[in-house]
*Asks:* 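Here you go, one structure.
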Amino acid sequence: MANPSPTPDTPATHDLVVIGAGPGGYVAAIRGAQLGLDVAIVEKEPTLGGTCLRVGCIPSKALLESSEQYHHAAHGLAVHGVRVDAPTLDLDAMMARKDAVVAANTDGVAFLMKKNGVTRYAGTGRLTAPGEVAVDGEDGTTTLAAEHVLLATGSRPASLPGVEVDGTVVVDSTGALAFDAVPKRLAVIGAGYIGLELGSVWSRLGSDVTVLEYADRILPGMDASLAKQARTTFTKQGLTFRLGARVTGVTRKGRGTTRRAVVSVEGGEDVEAERVLLATGRTPNTEGLGLDAVGVATDDRGRIEVDDRFATNVPGVYAIGDVIHGPMLAHKAEEDGVAAVEGIVTGVAHVDYDLVPGVVYTDPEIATVGASEEALKAAGTDYVKGSFPYQANGRARALEATGGKVTILAHNETDRILGVHVIGAHAGDLIAEAVAAMTYGASAEDLARTVHAHPTLSETLKEAALAVHDRALHV
Ligand code: NAI
C-alpha cells in the first residue's frame with residue numbers, strides 16, 4: 001500500500017517503482033496497475049513519454065508527414081490532374097504543428113498515469129539498495145521503497161570520437177528535429193533508421209543531403225536486397241550516399257552566416273556542410289542509476305543483464321527496453337514492459353525478439369520482420385522466396401505508389417514463413433499482417449489462402465505468398 005506522506009524516516013512505499021516514463025516504462029506502469037499493483041513512476045523530464053514521444057518517433061513522424069505533404073504539393077499533384085502554384089514553406093508553422101503533436105501525446109501519457117492511479121515522482125531516480133529508490137528532484141531527494149523496481153531508462157545518441165555535438169552545427173537526432181532554417185547542405189553520418197528518416201525530411205524541404213555510411217550498404221542488418229532497392233530509390237529522390245565512408249572527425253570553419261563544418265572521411269574526400277547530423281546508433285542510459293552501488297550486472301556493451309523474465313542478478317530489480325539486449329525500438333520496449341510486469345505477478349513472461357518488426361518511415365516505407373535472406377543463407381536454412389511488385393497491384397496504381405515490393409521467405413519443406421520484407425507505401429502497416437501470421441506459425445500457403453479485400457495494398461502480401469509456390473495470379 002502507498003504511504004502518501006513520506007518523511008526521510010518513512011519512505012513512500014509502493015509495490016512497483018518504474019524508473020523512466022518512455023514507452024517501456026509507462027506501459028509497464030499501466031499493466032502493473034491493471035494487475036492490481038500499487039505503482040509509481042519516476043521521470044526526470046517535465047513531460048512523460050520518453051525519447052520516443054518527446055524527441056524521437058513522434059516528432060520525426062510529424063516532420064516526415066509534413067515534409068512529404070510539402071514535397072507532394074510541389075511534385076505529386078500534377079499527375080492527378082491537380083494544378084497548383086509552387087508551394088512555399090512555413091518552417092515555423094511546420095515545427096509548431098510537430099510540437100503540438102508531441103504535446104498531445106505526452107499529455108495523453110500523463111492522463112493515462114492518472115487514470116490508472118499511477119503515482120508520479122518528478123526527478124532523477126537511482127537505486128540506493130535493493131527495493132529502495134532515491135528520487136533527486138527540484139525540492140530535494142525523496143526515498144521510495146518497493147518490492148519491485150523496474151529500470152526503463154532507455155538510451156541516448158551514441159557519441160563518435162572526433163565529433164563533438166554542439167547542438168547547432170553538429171547535432172544529434174534531437175537537434176535535427178528543430179533546425180530553425182533549412183540547411184543548404186546537410187551531412188548525415190550513418191545510413192540507419194535516423195539518418196534515412198531525418199535525411200529524407202531535410203532533403204524534401206530543400207537541403208542538399210549527403211549520407212556517409214561506414215558499411216558498404218545502407219541499413220546494415222536489414223535484408224540486403226531491400227536495402228539496395230531503398231538506396232536506388234533514395235538516390236533518385238536526391239540523396240547522395242557515400243558508402244564505405246568511415247567518419248573520423250568533424251571540424252568547424254568560419255563564423256556567423258559562413259559558419260560550416262568539415263567532415264573528415266578516412267581515405268576519402270572531406271564533406272563540407274552547414275549542418276551535420278550524427279546518427280551512428282544509441283547507448284543505454286545506465287550512468288547514475290546506482291547499478292554499481294547495488295551490484296546490478298551489465299554486459300560488455302554496458303547493457304543491464306537480465307534473464308528471460310527481465311530480472312537482473314539483484315532480487316526485485318528488473319530492466320527492460322533499450323537498457324537491455326535486443327532491438328532498440330519503442331514497440332520492443334513496450335512488449336518487454338508488459339511481459340516483465342506479468343512475470344512479476346504471474347511468474348510467466350515472454351517476448352519473441354525474432355518477431356519484432358522494424359520500420360523505416362521514409363517514402364517508400366521499409367518494413368521487415370523475421371530472418372533476412374543473408375541470415376537464412378548463413379544458417380544453411382533450406383528456404384524458398386516469393387516476391388510481388390506493387391507495380392502489379394491495382395490499388396498501388398490508383399495511389400500512384402507503384403514503386404514497391406513484398407518478399408516472403410518460407411521454409412522449403414515446412415512452408416513456414418521465416419521472414420517478410422516490404423518496401424513500398426504503407427509497408428509499416430502491411431507488416432502487421434506478416435507479424436501476426438508468423439506469431440501463429442503460419443505457412444506461406446496459409447497467407448495465400450487468406451481472403452484479402454480488393455483493391456488493397458495488402459493483396460501484395462497474398463500474392464507474394466502465392467509466389468512462394470510460383471502461383472502468383474497477377475504477374
Ligand atoms: P542505426 O544503428 O540504425 O544506424 C547507424 C549507422 O551508422 C549504421 O549504418 C552504422 O554502420 C553507421 N556508422 C557507425 N559508425 C560510423 C562512422 N564512424 N562513420 C559512418 N557511419 C557510421 O542507428 P541510428 O540511425 O542512429 O538509430 C538509433 C536507434 O534508434 C536504432 O537502434 C533504431 O532502432 C532506433 N530508431 C528507430 C526508428 C524507427 O523505428 N523507425 C527511428 C529512429 C531510430
*Asks:* Using a 3.5 Å distance criterion without hydrogens, assess whether the side chain of Lys462 forms a donor-acceptor pair with backbone atoms of Ala448.
*Replies:* yes
*Asks:* Report yes or no: do His80 and Glu400 form a side-chain donor-acceptor pair below 3.5 Å?
*Replies:* no
*Asks:* Less than 4.0 angstrom from a charged side-chain N to a carboxylate O is my criterion; do Arg275 and Asp180 meet it?
*Replies:* yes
*Asks:* Among all residues two or more places apart in sequence or in another chain, which pass the side-chain hydrogen bond (donor to acceptor under 3.5 Å, both in side chains) test with Glu365?
*Replies:* none
*Asks:* Less than 4.0 angstrom from a charged side-chain N to a carboxylate O is my criterion; do Glu373 and Lys385 meet it?
*Replies:* yes
*Asks:* Do we see a donor-acceptor contact under 3.5 Å between the side chains of Arg242 and Thr210?
*Replies:* no
*Asks:* Measure across Ile324 and Asp336 and return the closest heavy-atom pair with its distance rounded to 0.1 Å.
*Replies:* CD1-OD2, 3.5 Å
*Asks:* Charged N to carboxylate O under 4.0 angstrom, Glu287 versus Arg156?
*Replies:* yes
*Asks:* Decide, yes or no, whether a salt bridge links Arg252 with Asp166 under the criterion of side-chain N to carboxylate O below 4.0 Å.
*Replies:* yes
*Asks:* Between the side chains of Ser155 and Asp322, is a donor N or O closer than 3.5 angstrom to an acceptor N or O?
*Replies:* yes
*Asks:* Between Glu197 and Lys61, does any NZ, NE, NH1 or NH2 come within less than 4.0 Å of an OD or OE carboxylate oxygen?
*Replies:* yes
*Asks:* In this structure, is the centre-to-centre distance between the rings of His474 and Phe388 below 6.0 Å?
*Replies:* no
*Asks:* Can Arg54 and Glu45 be counted as an ion pair, charged N to O under 4.0 angstrom?
*Replies:* yes
*Asks:* Is any side-chain heavy atom of Leu409 closer than 4.5 Å to one of His421?
*Replies:* yes
*Asks:* Between Glu272 and Lys184 (salt bridge meaning N to carboxylate O under 4.0 Å), is one present in this structure?
*Replies:* no
